[in-house]
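Here is the structure we will look at.
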Amino acid sequence: MIELRDLCVDLGEFKLDEINLSVKKGEYIVIMGPSGAGKTLLLQTILGIVKPRKGRVIIDGRNATELPPEKRNLSYVPQNYALFPHMTVYDNIAFGLRIRGYKDLEIFSNVREVSEIMGIKYLLQRKPSKLSGGEQQRVALARALVVEPRALLLDEPLSALDKVIKSELQRFLKKIHSKIGFTAIHVTHDFLEASYLADRMAIMYDGKIVRAGTLDDIITYPRDRRVARFVGGENIYHGKIIGTKGGLTRVKIGELELFSIYNGRDETLVMIRPEDVYVHGKMGSMSAQNIFRGIVEEIEYRNSAYLVTFNVKGVLLRSVVTKQALEELSIAKGKKFTLSVKAAAVRIISS
Amino acid sequence: MIELRDLCVDLGEFKLDEINLSVKKGEYIVIMGPSGAGKTLLLQTILGIVKPRKGRVIIDGRNATELPPEKRNLSYVPQNYALFPHMTVYDNIAFGLRIRGYKDLEIFSNVREVSEIMGIKYLLQRKPSKLSGGEQQRVALARALVVEPRALLLDEPLSALDKVIKSELQRFLKKIHSKIGFTAIHVTHDFLEASYLADRMAIMYDGKIVRAGTLDDIITYPRDRRVARFVGGENIYHGKIIGTKGGLTRVKIGELELFSIYNGRDETLVMIRPEDVYVHGKMGSMSAQNIFRGIVEEIEYRNSAYLVTFNVKGVLLRSVVTKQALEELSIAKGKKFTLSVKAAAVRIISS
Amino acid sequence: MIQGFAALALLLISFIVVPLASLLLGTSSQEIVKYGLDSEALYALYIGISASIIATVLLIISGVPLAYLLTRRDFKGRDLIKALVDLPFVIPHGVAGIALLVAFNSRTPLGFILSNLGMKLEDSFWGIVSVMAFVSVPLMVDALIDGFSGVDTDLEHVARGLGASESETFWRITLPLASRSLVTGSLLSWARGMSEVGALLIVAYYPKSINVLIMERFWTYGLQVAKATAIPLLVISLTTFVLIRRFSGRR
Amino acid sequence: MIQGFAALALLLISFIVVPLASLLLGTSSQEIVKYGLDSEALYALYIGISASIIATVLLIISGVPLAYLLTRRDFKGRDLIKALVDLPFVIPHGVAGIALLVAFNSRTPLGFILSNLGMKLEDSFWGIVSVMAFVSVPLMVDALIDGFSGVDTDLEHVARGLGASESETFWRITLPLASRSLVTGSLLSWARGMSEVGALLIVAYYPKSINVLIMERFWTYGLQVAKATAIPLLVISLTTFVLIRRFSGRR
C-alpha cells in the first residue's frame, strides 16, 4: 500500500500541490491529465528521485519520504522503457537480482520464469536495439516485475506506439495484471487507455488532483468543467437555475428547460453526456423526466458509431447513436425525433 | 487539380512506389498511414522539395515535375506550423505577398481580409513564440491561404495537440474549408481525424497507396487486412468459403456459418465491423440474412458508447451498443441475445 | 562516492583558476602601464587585433557558403569535406606554420603571384592573417554548421511554397535565423586567432603581433616583464569569452 | 547563388588541403629518415607522446568526476564552473604558459612543495605535462559532459528503482554508456596536448619535446630540416584525427 500525504514539490515550471492519494495492494491506479500537469513529477517523487518540499510518501505503513530510491523497492517503467542498451535482454531482467546479490542459478530460474509469463523467452540473448516496441515493453515489464516490487510506476507506457500495437499492449497489460496482481500507478494523458485499465483513476491539473474515483464516478459526475471536457463530455452549456419542482431542480439552457436531480447556484454549467441523450422513434414508455423534440443538424461517423447533433429550441445537443438505430429509426438530416434525458443525466457543475 | 502519375521516389529508408492519385479542385483529400509509410515524403514530392525518380506531378494540367517549389504555387503547412520566428504574425502572413512584389497597401488589405476570416486580427503584431497551438495553426493557415494557392499541403496539422484543442481545430478546419473551398491534401496517421475531414481518403503502407476512396468505401470494404485494422475493424477472422446458396457466398468461421454477398477464394479473411452487429431484444422483423444467438462475455466503455463482446459458438464478436440500448435491452454479462448481421456486412478480404 | 568526486573536481577547477588568478592579481598596475601599454605593446596589440578581424571576415565570406552547402546539399564527399574542415584542430601549431610556409612562401608559384599582389606570406601582415585564418577554420565553420542545422528546414520549405527562390529563402529566412551562430562563430574564430603563437613564430615573426612580443620579452627580459605585457591581451580574451557565452546562449 | 557558394567553399577547402598536402608530398623519404627519425627527434617524440598520455590520464581521473557532477547535480555556481572549464580555449598560448609559470614556479609556496616532491615545473617533464593538461581541460570535460548528458537519466532512475545505489548505477550504467565519449575526450585531449608549442616554449623548453624541437630546428637550420622533422608528428596527428572521428561517430 502506498500513501501520499499532502505532497508538495516545486521543480522549475512543474509542481505538485498538496497531493493526497492512497493505492491499495494489487490496485491498478491510473493518473490522467494534460501534459504539464505534473504526472511524471508525481511518479518521480514516489520513486524517490525528487524530494518533496512538504508532505510524506508512506510505503506499506512506513515513512519512506527520506529513503533513497534503491531502498523503496518500486519498479519504474518510463515512457521509452529505458532498457539498458549495453546489456542483453537477459542481463536487463537479471539486473535487479544481481544488485540484490542473488546467485547465478537463482537468477537464471527467476529470469526464466518471468520471461515465460511475458512470452519473451525467445528474446533473452538479444540486445534491446533489436526489439520492436511491443517486445521492449514486455522486457521492461519483466525487468520491473522480477524483483517483486511493492508497486510498478508506469509513465505513459503506451503512448508513442502505433494505434494497433497500442491496443494489443493495453490488453496484454490488463491480462498480466489480473494474472500476477501487482500494484500499479500508471500515468497517461489518454482517457480511453485509463478507462480500459484503471481500477480507480485520478485526474491532475496544474499539480493538483482535481478528481479521483472509479470510471463511473468520474464520467457521471466530473464536478469540474476541465474534468468534464477531459473525459469527453460533448454537451456542456451555460445554464441558469430557475427553481425546483417535485424535488427536482429546474435549469434553463437558452430556451430549453430541463429537470435535474442535482442542486446548484444561480448561474452554472450543465453537462449532458452524449450517451445519455436517448433517441426514440415513437412515443413508448419513457421513464425520463426530460422529453423534447429535436431536429437532426449533423451526423458524424466516430469510432464505429455516429455522433448525431440535434437542434432543440436552438440548443445543440449531441447524441451517440449506433448504425443499427440510424437505420431502424431512419435518422437523417432535417428530420425530427423525440429525445429523452433522465434528470440524473443532467449534471450541474458548479465550479 | 493535382494529378500524380506513377510517382516513384527513393530517399534513404523512405520511398514512394508507383503513386497514382488525382485531387480535384476544392476537394479535401486525406492521406493516412502509419509512421514510416511515406506520407510526408509524398507531400514533399508534390511540393517539389524532393525530386521523383520516375513519374510525374501534374498541376492544373501542366507537367510540374521539373518545376522548383516556388513556381508551383502550393502552400505547405507542416506539423509544427513553421511560423517564421523572427517575424511578427503580420509579416508571416505578408511573406508570400511580399515575395510576389505586391504593394504595401495591397498587402495590408489582403492580410486584413484573411485575418478577419481566420479570427486572428488581434494577433497581427505578436511574435509566433507568444501564440498558443491553436493560434499558431490559424496563422499558418492564413499565411498559406492568402496567396491563393492551387492547393494546401497539410502535414499532420493536428497531431501534437491536446485532445480538446485538437477537436476544436478540426471543426475550424472543416468550417474554413467549406467557407473558402480550397483544395487540400492532408496527411495524418489518425483515422478519426481523416473520417471527420476527408471528402476522399487514401491509405498508404510502405510507400504505396493500398486503398483510396470515400470513408464509406473504405470502411465497408477495406480490401486488405492492414487497411481493415487501420480503419478500426475489430472483428477480423480466418474463414473458409464452403459454397454458395441463393446467390450468396457461404463462409465458415470456426463453428459459425455466415452468408456474405462478396466472393472469395478457399481460405480467406472475414471482417464484420462492430457497428454492423445488431443486437435485438425480441424477434421482430429482421431483414438480415445472418441471425444467431450470442452470450455477452464482456462490456467495455469506449468513447461514449459500449463495446460488447458476444460469444457465438466460440467466435468472439464485438458490437457497438449505446447506453440507451444497454438499458432498454438489459444487456449484462452472461445473458443471451439475438444478433443479426447483413450479408452485405460480412466482408471477405482476400489479400 | 560524491565526496571523492567533488574533491577531484575541485582539484581540476583550481588547476585552471589558480594560474589565471595569480597572473591577474600578481601584477601591479604600474607594471601593466609600463610594459603592457607602452607604444610597442600597443602597436603589437593593434597588429594582432586587426589581423584577427580580417581573418575572421575572410572566414565569414568563405565559411557561410561552405556551411550552407554542407547542411543543405547532399553530395558525394560531403563527409570527407566535413572532416577536412576540422583538420586544423589537430595539426600541431608549429607544423601548421611550416605547412603554410611550404605551400605559400614567395618562391612557390602561388606565393609568387600573391607576393606580387602585395600579399607576401613570410614576415608580413598577410602571413599573420593566413595563420590566424588557418587555425580558426573549424571554429567558424562548425559554429555555422550548428547554426544552419538548427534552422528547421520546414521553415525553408514553407517559404519556397510561398514563392521564394532558394536565394531569397537563404537571405530572408536561413541566414537571419542563424545569425546568433554567425556571431558566436566570429567571436570564437577571432579569439582563436588572437590566441595563436606557435605558427606565428614560424610564418610571421614580424610585424610583431602581441603574442610574439610576449614571447620575445619573456626570452629577453624574463617573466616579470612578460607577464605585465600579457595582461591586456588576457583581459581582451576574457572579455571575448564572456561575449561568446552570451551569444551562444551558454554552452 | 549555389555556383558562387560552391566557388567560395572550394577556396576555403583548398586553403586547408594545399598546405598539408604540400608538406606531406613535398618532403622526400630520405629527409624524413634523416631529420624526422634521428635519435634526437625520436627522443623528443617520446617526451611529447608520454607527457601527453600522462596529462590525459590525469584529466580522466579529475574530469570524469567533474563532468558527472556538472550533469547530474544541480548546485549553485554550476554555470560558472562550466564556464571556467572552457576558459583555456581562449587563453593565448603564451599567456597560458606565463600564468602556469607565475602560479607554480618553484619559488611560489605551491611550486616549492611540488618541486620537493620531484615535480618541478620549469624546464621539466612535469612542466610539459602541466601545460598539456591545462590546454586540454575543456576538450576532455566537454566531451564527458556530452557523454553523460547523452545517457538518458531514465536509465539511471530505473536502475535506482531496481535497487542500485548511486555509485553502483554510475559504474554499471552511466560510465559504460558514456565510454565512447570518454575515448573521444581522451583522444581529443591527447591530440591537443601534442599540438601545443607556445606555452611549452615558456614553461618547459627542456626536456625538448617534439614541438619545441621543430621550432628550434626551424630557427637553427631553416624550413627544409624543420619540415622533415615535422612529418612524423603530422602523421601521428592525422591518425589520431581519424580515430577521433571514428569514436565520436564522425565529427
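Reminder, nothing fancy here: chain letters follow the sequence lines and each chain counts from 1.
Ion pairing between K174(A) and E300(B) fails under the 4.0 Å rule for side-chain N and carboxylate O.
For L215(B), the part lying under 4.5 angstrom from a heavy atom of chain A is the side chain only. Neither the backbone nor the side chain of R226(A) comes within contact range of chain B; no heavy atoms are under 4.5 Å apart.
Residues of residues 194-208 of chain A that come within less than 4.5 angstrom of chain B, heavy atom to heavy atom, are S195(A), Y196(A) in numerical order. Within residues 322-334 of chain A, the residues having any heavy atom closer than 4.5 Å to a heavy atom of chain B are T322(A), K323(A), Q324(A), E327(A), E328(A), listed by residue number.
The environment of NZ in K335(A) is crowded: more than 12 heavy-atom neighbours from other residues, nucleotides or ligands sit within 6.0 Å.
For E135(B), there are no salt bridge (Lys or Arg N to Asp or Glu O under 4.0 Å) partners, not counting sequence neighbours. In this structure, E297(B) has no salt bridge (Lys or Arg N to Asp or Glu O under 4.0 Å) partners at least two apart in sequence or on a different chain.
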Side chain to side chain contact (heavy atoms under 4.5 Å, CB included) between S304(B) and R302(A): does it pass, once the steps are laid out? CA-CA 10 Å; S304(B) 294; R302(A) 199 176 76 171; 4.2 Å; yes

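For the set L307(B), V321(B), V279(B), the entry with the most heavy-atom pairs within less than 4.5 Å of chain A is V279(B).
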